[in-house]
Amino acid sequence: MTDVPLLLNTLPSTIRKHVDPSSPIPLRLMAAKGALPLTPSDFIAVLFLLSVDLVPEIREAAQLSARNISEKFMVSIGRDERLQTEVLDWLLDLHWANANYAKLLVANTATSDEAIARCASHCNTEVLELIGLNQLRLLRHEEMLRQICQNPNATPVLVDSVCEFAVRSGVFLEDLPAMQEAQMRVFGKTAPEGSPTSAELVEEFSSIVDEKALPLEEGKRLSLSQKILKMSVSEKIKLAMRGNKEIRTLLLRDTNRLVAVAAIQSPRITEAEILGIAQNRTTSEEILRIVFRNREWLKFYPIKLALTKNAKVPQAISMQLLSTLRESDVRALAKDKNVPNVIQTMAKKLAVQKKA
């Protein structure tokens with residue numbers, strides 16, 4: 001369970017009194033019954049906090065309100081990637097049997113792999129197929145693969161598809177007959193020669209998990225790069241989640257999009273790294289779109305400005321960001337010949353409007 005005080009502090013001060021354990025019971029009960037005018041995201045955060053209240057009546061009321069949440073609220077909640085992971089996980093555990101609700105929560109990148117694996121163990125075929133489409137999650141969390149294969153609602157086509165993808169990507173769960181069959185179809189009787197694992201690389205180059213470590217010497221860096229090239233996709237993804245900045249920088253340039261996406265979605269990545277990625281004109285469009293969709297990163301103004309200037313960012317996104325920039329930056333962009341002509345022209349028009 002999440003750190004309740006930490007989540008409590010994310011709520012507006014006007015709402016906290018209704019969920020604070022020290023507040024009067026009637027106030028908390030009112031909130032648990034959904035009697036407060038709240039946004040969908042604040043509403044579900046309140047219910048989550050009250051679902052662990054010390055008073056049984058409040059806990060039961062909060063659980064009931066969460067189970068009876070309207071589709072309109074769920075659509076808004078499911079699309080909010082700023083919600084705490086613990087809240088989304090709790091909600092998915094409650095609504096895994098409702099296909100429409102479960103699909104929204106499964107598609108939210110803030111929902112944890114662990115919660116989705118639990119859902120995969122007993123959800124219906126429709127939700128399972130959506131889970132099976134998220135290749136990055138499948139390689140990042142092998143238990144998800146196991147649960148899909150063991151769910152009686154999984155179709156043979158889905159099981160064959162995810163198992164073949166896993167085997168080709170370097171994942172093999174030997175206890176699953178479907179995985180053994182997939183390996184036979186893909187490689188025949190002999191499995192491919194083993195490639196380095198993320199654990200082996202961490203053991204050999206111990207500093208690559210230390211964010212404060214100095215960059216590797218040229219010889220060691222070359223050796224590391226060569227070993228990474230030989231790794232399977234699944235092991236690269238595991239390394240992206242464990243490695244430091246030097247590793248993430250290497251993997252962001254990987255030719256496999258799943259590896260690059262895993263690197264930028266590493267929980268250890270910093271705003272400074274994201275800024276460098278946004279400024280780099282060799283960054284792929286897909287990675288830049290991921291940066292743009294992350295609201296927390298866009299709160300850091302230099303990242304927003306860097307995206308606007310980067311010619312690799314789709315023009316529709318750059319123009320959307322342009323209208324949110326400071327007047328001085330808009331004027332600078334109007335004179336900057338290094339930005340796309342469309343952005344420069346739009347910046348000139350905006351500068352004139354702001355001056356008028």
Side-chain angles (χ1 to χ4, degrees), residues 109 112-114 135-145 165-174 183 186-187 190-291 294 296-297 300 302-303 306-307 310 312:
T109 58
S112 77
D113 294 340
E114 290 76 14
Q135 296 178 331
L136 178 56
R137 283 193 187 272
L138 293 178
L139 297 183
R140 199 168 62 194
H141 194 76
E142 294 174 4
E143 184 60 24
M144 205 176 295
L145 282 165
F165 165 72
V167 168
R168 291 182 188 279
S169 301
V171 175
F172 180 65
L173 306 178
E174 59 184 14
Q183 189 180 60
V186 174
F187 299 115
T190 306
E193 186 178 344
S195 59
T197 67
S198 58
E200 288 170 351
L201 256 65
V202 169
E203 184 176 353
E204 183 177 353
F205 305 92
S206 57
S207 65
I208 63 175
V209 295
D210 183 2
E211 295 293 349
K212 296 180 181 179
L214 294 173
L216 291 172
E217 297 172 2
E218 187 174 347
K220 286 187 176 180
R221 189 187 305 114
L222 179 60
S223 174
L224 174 65
S225 299
Q226 290 171 341
K227 288 179 188 256
I228 288 176
L229 282 174
K230 297 177 182 177
M231 293 176 76
S232 66
V233 174
S234 63
E235 289 299 328
K236 287 180 183 179
I237 288 172
K238 291 174 186 175
L239 186 63
M241 304 305 287
R242 296 182 64 186
N244 60 11
K245 179 182 177 181
E246 188 170 10
I247 291 296
R248 289 190 292 274
T249 301
L250 277 172
L251 296 178
L252 273 165
R253 298 196 293 265
D254 197 272
T255 54
N256 188 297
R257 56 172 292 277
L258 292 177
V259 176
V261 171
I264 198 170
Q265 290 183 349
S266 166
R268 305 178 72 186
I269 203 163
T270 64
E271 282 185 347
E273 287 176 77
I274 297 300
L275 176 58
I277 291 166
Q279 291 171 331
N280 192 332
R281 299 199 174 203
T282 64
T283 301
S284 71
E285 182 179 315
E286 182 175 10
I287 296 299
L288 291 170
R289 284 182 182 275
I290 291 173
V291 175
N294 190 302
E296 292 303 311
W297 291 339
F300 188 47
I303 291 176
L307 286 175
N310 195 326
K312 290 288 289 290

Q: How many angstroms lie between CG in Leu252 and NZ in Lys245, if you round to the nearest 0.5 Å?
A: 11.0 Å
Q: Rounded to the nearest 0.5 Å, what's the gap from CD1 on Ile269 to CD1 on Ile274? Could you check?
A: 3.5 Å
Q: What pairs meet the salt bridge (Lys or Arg N to Asp or Glu O under 4.0 Å) rule with one or both residues in residues 226-236, with sequence neighbours excluded?
A: Glu204-Lys227, Glu235-Lys238, Lys236-Asp254
Q: Evaluate Glu142 against Leu173 for side-chain contact (heavy atoms from CB on, under 4.5 Å), listing each step before the verdict.
A: CA-CA 8 Å; Glu142 294 174 4; Leu173 306 178; 3.6 Å; yes
Q: Do you know the tightest heavy-atom contact between Met231 and Thr197?
A: CE-C, 3.9 Å
Q: Are Ile277 and Trp297 close enough that some pair of their side-chain heavy atoms sits under 4.5 Å apart?
A: no
Q: Name all pairs fulfilling the salt bridge (Lys or Arg N to Asp or Glu O under 4.0 Å) condition that reach into residues 258-273, sequence neighbours left out, sorted by first residue then second.
A: Glu211-Arg268, Arg248-Glu273
Q: Minimum heavy-atom separation for Ile264 and Ile287, please, with both atom names.
A: CD1-CG2, 3.3 Å
Q: Between Met241 and Ala262, which heavy-atom pair has the shortest distance, and what is it?
A: SD-O, 3.8 Å
Q: For residues 214-224, tabulate all N or O donor-acceptor pairs below 3.5 Å that involve a side-chain atom, not counting sequence neighbours.
A:
residue: Arg221; atom: NE; partner: Glu246; partner atom: OE2; Å: 3.3
residue: Arg221; atom: NH2; partner: Leu216; partner atom: O; Å: 2.8

Q: Quick check: does any side chain N or O of Asn244 sit under 3.5 Å from a backbone N or O of Lys212, one acting as donor and the other as acceptor?
A: no
Q: Determine whether Gln135 and Val233 satisfy the following criterion, side-chain contact (heavy atoms from CB on, under 4.5 Å), listing intermediate values before the conclusion.
A: CA-CA 11 Å; Gln135 296 178 331; Val233 174; over 6 Å; no
Q: Side chains of Leu139 and Phe165, heavy atoms from C-beta outward: is any pair under 4.5 Å?
A: yes
Q: How long is the straight-line distance from CD of Glu285 back to NZ of Lys312, given to the nearest 0.5 Å?
A: 8.0 Å
Q: Mind checking whether Gln279 and Asn310 have side chains closer than 4.5 Å, heavy atoms only?
A: no
Q: Between Asp113 and Arg137, is there a donor-acceptor pair closer than 3.5 Å when you use the side chain of the first and the backbone of the second?
A: no
Q: Between Pro302 and Leu275, which heavy-atom pair has the shortest distance, and what is it?
A: O-CD1, 3.4 Å
Q: Between Ala278 and Leu288, which heavy-atom pair has the shortest distance, and what is it?
A: CA-CD2, 4.0 Å
Q: Distance from Ser284 atom OG to Ile290 atom CD1, nearest 0.5 Å?
A: 7.5 Å
Q: Testing the basics here: between Leu145 and Leu138, what is the closest heavy-atom pair and its distance to 0.1 Å?
A: CD1-O, 3.7 Å
Q: Do Leu239 and Ile208 make a side-chain contact, defined as non-hydrogen atoms from C-beta onward lying under 4.5 Å apart?
A: yes
Q: Can you measure from OG1 (Thr283) to CG (Leu307) and round to the nearest 0.5 angstrom?
A: 9.5 Å
Q: Can you measure from NE2 (His141) to CD1 (Ile237) and round to the nearest 0.5 angstrom?
A: 13.5 Å
Q: Main chain of Ser234, side chain of Ser169: is a donor-acceptor contact present, judged purely on distance under 3.5 Å?
A: no
